[in-house]
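The next block holds one structure in the form of structure tokens; read it before the comments.
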Amino acid sequence: MIPKAVRQRAASLREQIREHNYLYYVLDNPEITDAEYDALFKELAGIERQYPELVTADSPTQRVGEAVTDGFRPVVHGQPMLSLSNVFDADDLADFDRRVRERLGVDVVTYVGEPKLDGLAVNILYEGGLLKQAATRGDGTVGEDVTANVRTVRGCPLRLRGSDVPARLEVRGEIYITKAGLAALNARQLAAQGRPFANPRNAAAGSLRQLNPAVTAQRPLSLFCYAAGDFVGGRMPQTQADLLVFLKEIGLPVNPERRVVQGVEGCLAYYADLERRRDGLGYDIDGVVYKVNSLRDQARLGAVSRSPRWAVAHKFPPEEMPTRVEAIEVQVGRTGALTPVAVLKPVAVGGVVVSHATLHNAFELARRDIRVGDMVHVRRAGDVIPEITDVRLNERPSWAVPFVFPDHCPVCGSPVVRAEGGMITRCAGGLFCPAQRKQTVRHFASRRALDIEGVGEKLVDQLVDTGLVRTVADLYHLSVEQLQKLERMGLRSAQKLVEAISRSRRTTLPKLLYGLGIPEVGEATAQVLARHFQTLDALMAADEETLMTVPDIGPVAAHAIRTFFTESHNHKVIAALKAAGLEIAPMAAIVPSPVAGKVIVLTGSLRGLTRAQAQAALRARGAKVTESVSAHTDYVVAGDDPGSKIERARTLGIPVVTEAQLQEWLSAPS
Ligand code: IVH
């Protein structure tokens with residue numbers, strides 16, 4: 001016997017969860033937090049675990065069922081699923097509208113405009129308000145049974161709402177994946193060494209065709225409904241607009257971007273508006289659909305072959321087109337990163353002619369094995385850099401060979417190094433490479449490097465663009481006369497600049513090392529290297545093995561540093577810097593302080609410095625200053641009128657020292 005209260009609680013939880021699903025997925029207006037929702041869900045699942053007899057097929061906990069083993073069963077649709085014919089421009093649309101007006105004998109037709117989603121069409125059958133079956137479109141008459149997978153789509157209700165639900169209802173809609181959903185899914189695929197999906201359509205279709213619904217349940221699928229097939233027992237709305245409102249009322253998600261419009265003009269305005277806002281929508285659309293609003297008129301117009309006479313799709317310029325890879329070039333960015341780029345046979349994509357697509361990096365290029373001569377699909381969405389989404393391996397010419405990534409910079413000829421986990425290839429000729437000039441000079445002059453006041457982004461652009469500066473060493477040969485000729489540069493500013501540059505000649509080794517922009521060498525590494533090698537010449541002479549003996553320097557950094565300093569172009573620039581009078585302050589000889597790592601207790605009053613000063617000075621030298629004497633204490637420093645700490649130190653046999661000893665420690669180099 002199940003207690004009545006438990007039975008009621010389970011029913012109430014199901015009702016609440018259903019209502020919150022509706023608020024979230026259909027009205028886009030959630031009233032509780034995810035955590036609150038999860039709590040309701042957990043409670044219901046807990047009750048159902050304890051009393052399995054309470055589980056109902058439409059319980060929100062029952063979305064993920066058993067895997068199918070023998071493929072998807074064929075399903076005959078109650079009403080055929082039609083497909084849409086296309087119009088490509090305003091003239092086509094005017095022809096379509098004229099035919100509709102003539103057949104109906106009217107002057108102006110009212111249409112509903114809807115976004116055309118790029119996903120997978122499904123037919124979902126509800127009987128008595130319960131989800132009974134879901135099928136793909138198939139050939140329009142017979143589709144495939146994907147019920148188990150559609151049940152996992154959270155926005156798809158397992159039970160319809162309200163009392164006004166038809167006894168039998170076929171709902172047509174599109175299963176799709178949002179842009180954010182696709183990005184998250186692809187990140188997951190890549191992390192699991194899987195192949196990313198080329199576009200949202202493939203992702204939606206691939207997810208729905210999983211034999212195991214548990215896999216589909218992990219995919220962020222969404223649903224918008226836009227039509228009805230069989231509609232038995234219930235009041236059928238009179239118009240497409242009302243049908244959509246009705247579907248929404250009984251719990252089905254419909255697209256909020258739908259609009260009622262008048263005639264061709266209204267359709268075109270709708271098209272233009274949506275095309276303009278296309279990139280801002282959370283999901284991909286490939287056009288709009290215009291449907292005659294009156295359902296009676298739709299019935300009068302009927303269909304020819306597989307397409308209705310009452311609806312038409314108006315596609316946006318395609319965002320993906322086939323073309324051929326004519327060459328693969330390697331570009332060098334401002335930071336020295338080498339990026340492979342496919343040179344394409346120019347093709348119009350999304351209203352823009354595309355002739356290049358990024359291939360990301362050497363690793364990605366090798367993984368995808370894109371070759372010169374390949375037929376590919378190029379995709380351009382919004383402002384995004386065009387990408388290759390698909391390679392047609394069966395159309396690969398026999399002469400196509402794998403691309404060999406250059407081991408020298410195509411701009412300056414310096415060797416390249418792999419960095420950041422092997423994904424990024426960088427030119428090692430940082431000080432010399434023309435592609436990196438601006439970046440290098442800007443970095444060299446920056447505050448934490450050589451700290452040349454007044455050398456900002458705009459000035460560097462001017463200096464490099466006019467050819468006055470080709471390497472950082474050229475900075476030290478700039479004259480007031482040369483600088484004065486630059487735009488917006490007065491005599492006074494030119495003089496100040498020359499002074500600031502001149503002042504920067506006196507620098508330190510860590511600042512210089514950081515300023516050189518060696519790959520893998522940030523400020524902290526520059527410090528470590530400077531302390532270890534003391535001079536630039538010693539560092540430049542170090543081989544990889546020696547470099548790797550330095551704390552914090554691993555094989556990647558050692559290789560990058562070595563490559564940088566063996567690159568003859570960099571050598572020349574460093575020689576030029578020295579010739580320009582660079583003065584590197586000698587590094588103080590590093591002797592570890594005698595108190596480094598020691599545990600010290602202070603007692604009594606000190607004469608030469610306060611207790612706080614003594615603590616700070618000791619800590620700066622690596623000592624640990626504690627309050628009470630214990631077996632871990634190394635020394636007790638006794639000032640005037642020491643307290644009982646002295647006794648304790650003596651009992652424990654810990655050395656007690658005077659203030660003079662303390663002063664001696666502090667005067668040793670740190
Ligand atoms: S109505 C008789 N409305 O486009 C009309 N279809 O070629 C049946 N589609 O298979 C479809 N968004 O996958 C309709 N708002 C929308 C649509 C839409 C996308 C797809 C659907 C269908 C294809 C028609």
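Heavy-atom basis, side chains included; hydrogens, waters and symmetry copies ignored. Along the sequence shown, the residues carry numbers beginning at 1. Not measured: the values here are computed from a predicted model. Counting convention: from 1, in listed order, for ligands and their atoms alike.
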query = Is the gap between the ring centers of Tyr270 and Tyr111 under 6.0 Å?
reply = no
task = Report the relative orientation of the aromatic rings in Tyr176 and Phe224; use parallel for angles under 30°, tilted for 30 to 60°, perpendicular for over 60°.
result = parallel
message = Do the side chains of Arg380 and Glu319 get close enough for a salt bridge, i.e. N-O under 4.0 angstrom?
response = no
inquiry  = Below 4.0 Å from ligand 1: does a non-hydrogen atom of Lys291 turn up there or not?
reply    = yes
message = Less than 6.0 angstrom from the centroid, inside 45 degrees of the normal: does Arg154 satisfy that with respect to the ring of Tyr25?
response = no
query = Is ligand 1 under 4.0 Å from a heavy atom in the side chain of Arg172, in the backbone, in both, or in neither?
reply = neither
query = Side chains of Tyr24 and Asp34: do they bring a donor and an acceptor to under 3.5 Å?
reply = no
request  = May I ask you to test the Ile124-Leu223 pair for a side-chain heavy-atom distance under 4.5 Å?
outcome  = yes
query = Is a side-chain N or O of Lys179 found less than 3.5 angstrom from the main chain of Gly280, in a donor-acceptor match?
reply = no
ask   = Do any nitrogen or oxygen atoms of Ser83 lie less than 3.5 angstrom from nitrogen or oxygen atoms of ligand 1?
value = no
query = Taking heavy atoms and a distance under 4.0 Å, where does Pro115 meet ligand 1: side chain, backbone, both or neither?
reply = backbone
query = Does ligand 1 have an atom that lies less than 4.0 angstrom from a heavy atom of Pro308?
reply = yes
message = Suppose I only count heavy atoms of Leu117 and a 4.0 Å limit; which atoms of ligand 1 are within that range?
response = 12 (N), 19 (C)
Nearest-option assignment for atom 6 (N) of ligand 1, heavy atoms, candidates Tyr226, Phe224, Tyr176 = Tyr226
key: Under 4.0 Å to a heavy atom of Leu84 - the qualifying atoms of ligand 1, by number   = 5 (C), 6 (N), 7 (O), 24 (C)
task = May I ask you to identify the nearest protein heavy atom to atom 13 (O) of ligand 1, giving residue, atom name and distance to one decimal place in Å?
result = Glu174 OE1, 2.6 Å
inquiry  = Within the 4.0 Å heavy-atom shell around Glu114, which atoms of ligand 1 are there?
reply    = 3 (N), 15 (N), 16 (C)
key: Interfacing atoms of ligand 1 (cut-off 4.0 Å, heavy-atom, Leu82)   = 2 (C), 8 (C)
query = What's the verdict on salt bridge (charged side-chain N to carboxylate O under 4.0 Å, His left out) for Asp38 and Lys42, showing C-alpha distance, side-chain angles and the deciding distance?
reply = CA-CA 6 Å; Asp38 291 346; Lys42 260 201 184 140; over 6 Å; no
note = Interatomic distance, CZ@Arg235 vs CZ@Phe246, rounded to 0.5 Å, equals 7.5 Å
query = Arg137 heavy atoms, cut-off 4.0 Å: which ligand 1 atoms fall inside?
reply = 10 (O)
message = Is there a polar contact between ligand 1 and Val289, counting only N or O atoms under 3.5 Å apart?
response = no
